[in-house]
Amino acid sequence: MLDVASQLEILRRGVEQIVPEADFLKKLERSVRENRPLRVKYGIDPTGIDVHLGHTVPLRKLRQFQELGHTAVIIIGDYTAMVGDPSGRDKTRDALTKDQVDANARDYLKQVGRIIDLERAEVHHNGDWFGKWSFLDVLDLMRRMTLGQISAREDFAKRIAEEKPVYLHECMYPLMQGWDSAEIRADVELGGTEQLFSLMVARQLQPLRSQEPQVAMTMPILVGTDGVRRMGKSLGNYIGVADSAEDMFGKIMSVPDEPMAQYFTLLTDLPAEEVKALLAPGSNPRDAKEVLGKAVVSQYHDAEAAEQAAAAFRRRASGEDPVEIPIAYLTADKLDAEGRIAAPSLIKEIGFESSTSNARRVIEGGGFNVGPRRETVSDPRALVYVSDGLVVRVGKRKIAEIRLV
RNA sequence: GGGUGGAUACCCAAGCGGCCAAAGGGGCCAGACUGUAAAUCUGGUGGCUCAGCCUUCGCAGGUUCGAAUCCUGCUCCACCCA
């Protein structure tokens, strides 16, 4: 096992706070001394299906712990998912059914496996223990926390102040999460900064099982591709780990310049000095973003795919067509006797726009062009002669070669 | 149980009898520009057989020449009091 100082250096990167810091040092020192791995917990509620880069921040930290020889313990919050985590939320989460949760959980693990070595990790479902509880057990857990403690949380306090509802079951969430730690004997729990409250609850509960309280390690919340709000599925500003290499790269390029430093720190292993040099004043942020894009993409695909994605992006940015033009099929009966079709219909038929009205607007806006010379069709009443192999474009990104069938 | 406020397009949110396919913002799409799918600026953003027509403002009725706006009932949501 690596010595304490070296471990600390690696583990501190991109970490917001470690609470209490002294306990962490103590645990780490003992771990090295006795050659006993720390049990590091990270919980996920299977509420959706897309693991995105925001989730990878703590997951990558967990991976680092694994690489240093510690034990990764993943909690699938199948029970807590049915409650809904109120952390950082300004409204109640929708509850999920058991079936949804189970399906999501399987999907989740598959995606998590891109980051964590699942062979060496422990995976638990908190329904395994909560599912067996009696109401009395629940009450006993509830007596561990006061309304004052709960309502002091910023997210709840805010909702109360705004006269928005806070449901009782939401109050149970932190207690359940805390109890998970007692069940799996966690030494450290990872989470976003907004999780601090929940992570600290466990410290009150673990002594009930004669355990040493865990340490909370929080990481900043990654901002999404809009550069403002947290990355989240419901906000539509996320980059999924299952995204294609090209998509992932493109989305990274579309992130505003400001959060780049954060992205480098939290999503890559590039040394801090290198990052600093890339982002130094006077350098082109686009180049830095490209390095970032390749570094991230190669983690979820491979280096070659990352290079190709970058190349494809450059082509598109410089106005060239991609190497492979997607094929769009069009049935010949859509054409009139002379082999023509109304421009808006063509756009709709090949799926570039969802309605002919929309297609019209694109045409009027000058976003539609056809053929090798890219003749712009700007009259929505125009008829386009379609022959097999005709290349049509809408905007900068949508391109297709038409195949008549 | 009582009271109050609310339900408007993808989201937030104005409108409170005609000038409303419905302000504004966000998002999204297109154009210009560029360092990129950044930033900035411009235009667009219900549907269609598109100079016109059709369908929307929680649901169902009603008043009116005319309703997102007024009335009745219903459903749902929130907050306050008990």
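Quick note: numbers below take in every heavy atom, side chains included, and nothing from hydrogens, waters or symmetry partners. To find a chain, count down the sequence lines: A is the first, B the second, and so on, and within it residues start at 1.
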* Taking CE from A/M260 and P from B/G35, how many angstroms apart are they, rounded to a whole number? -> 15 Å

* Take atom CE of A/M253 and atom C1' of B/U34, then tell me their distance rounded to the nearest Å. => 13 Å

* To do: Flag the pair A/V296 / A/T268 as yes when at least one side-chain heavy-atom distance between them is below 4.5 Å, and no otherwise.
  => yes

* So, do A/H55 and A/Q111 sit near enough that their side-chain heavy atoms are less than 4.5 Å apart? -> no

* To do: May I ask you to evaluate whether A/S355 reaches the phosphate of B/C48, defined as a side-chain N or O under 4.0 Å from OP1 or OP2?
  => yes

* P atom, B/A22 versus B/G46: distance in rounded Å? -> 9 Å

* Heavy-atom pair with the smallest gap, counting every atom of A/Q211 and A/R185 -> OE1-CA, 3.4 Å

* Inter-nucleotide P distance (B/A21, B/C57), Å rounded -> 14 Å

* To do: Measure across A/L205 and A/L175 and return the closest heavy-atom pair with its distance rounded to 0.1 Å.
  => CD1-O, 3.6 Å

* Please check if any side-chain donor atom of A/R13 sits under 3.5 Å from a side-chain acceptor atom of A/Q64, or the reverse. => no

* N or O in side chain of A/R286 less than 4.0 angstrom from B/G35 OP1/OP2 -> no

* Whole-Å distance between B/C48 P and A/R360 CZ? -> 9 Å

* So what does A/P256 touch, heavy atoms closer than 4.0 Å: a base, only the sugar-phosphate, or nothing? -> sugar-phosphate

* Considering every strand shown, what is the Watson-Crick or G-U wobble mate of B/C41 when both distances are under 3.5 Å? -> B/G31

* **side chain to side chain donor-acceptor pair (under 3.5 Å) pairs, two or more places apart, involving residues 365-377 of chain A** => A/D321-A/R374, A/N369-A/R393

* Asked: Taking the same atom, P, in B/C33 and in B/U42, what whole-Å distance lies between them?
  -> 16 Å

* To do: Could you please name the partner base of B/C70, counting Watson-Crick and G-U wobble pairs only when both distances are under 3.5 Å?
  => B/G62

* **C1' atoms of B/U69 and B/G62, separation to the nearest Å** => 15 Å

* Could you check A/S345 against A/A317 and say which one's nearest nucleotide on RNA chain B is further toward the 5' end? => A/A317

* Structure fact -> Taking every heavy atom of A/T356 against every heavy atom of A/P344, the minimum-distance pair comes out as O-CB, 4.0 Å

* Considering every strand shown, what is the Watson-Crick or G-U wobble mate of B/G17 when both distances are under 3.5 Å? -> none

* Asked: Which nucleotides of nucleotides 22-33 of chain B have their base under 4.0 Å from a protein heavy atom (B), which only their sugar-phosphate (S), and which neither (-), written as one string 5' to 3'?
  -> -------SSS--

* To do: Would you jot down, in residue-number order, the residues of residues 323-338 of chain A having a non-hydrogen atom under 4.0 Å from RNA chain B?
  => none

* Asked: Are the side chain of A/Q66 and the backbone N or O of A/D117 linked by a donor-acceptor pair below 3.5 Å?
  -> yes

* Asked: With a cut-off of under 6.0 Å to the ring centre and 45° to the axis, is A/K251 in cation-pi contact with A/Y238?
  -> yes

* **Base B/G35 to side chain A/D257, donor-acceptor N/O within 3.5 Å cut-off** => yes

* Asked: What is the nucleic acid contact for A/S357, judged by heavy atoms within less than 4.0 Å: base, sugar-phosphate only, or nothing?
  -> base

* Will you find, in the side chains of A/S181 and A/E189, an N or O donor that is under 3.5 Å from an N or O acceptor? -> yes

* Pick the nucleotide of RNA chain B nearest each of A/S254 and A/K348; which residue has the one closer to the 5' end? -> A/S254

* Structure fact -> pair_partner(B/C79), Watson-Crick or wobble, both distances < 3.5 Å, evaluates to B/G3

* **Distance, rounded to the nearest Å, where A/D379 contributes CG and B/A51 contributes P** => 11 Å

* Just compare B/A37, B/U49, B/A38 and give me whichever is closest to any side-chain atom of A/R316. => B/A37

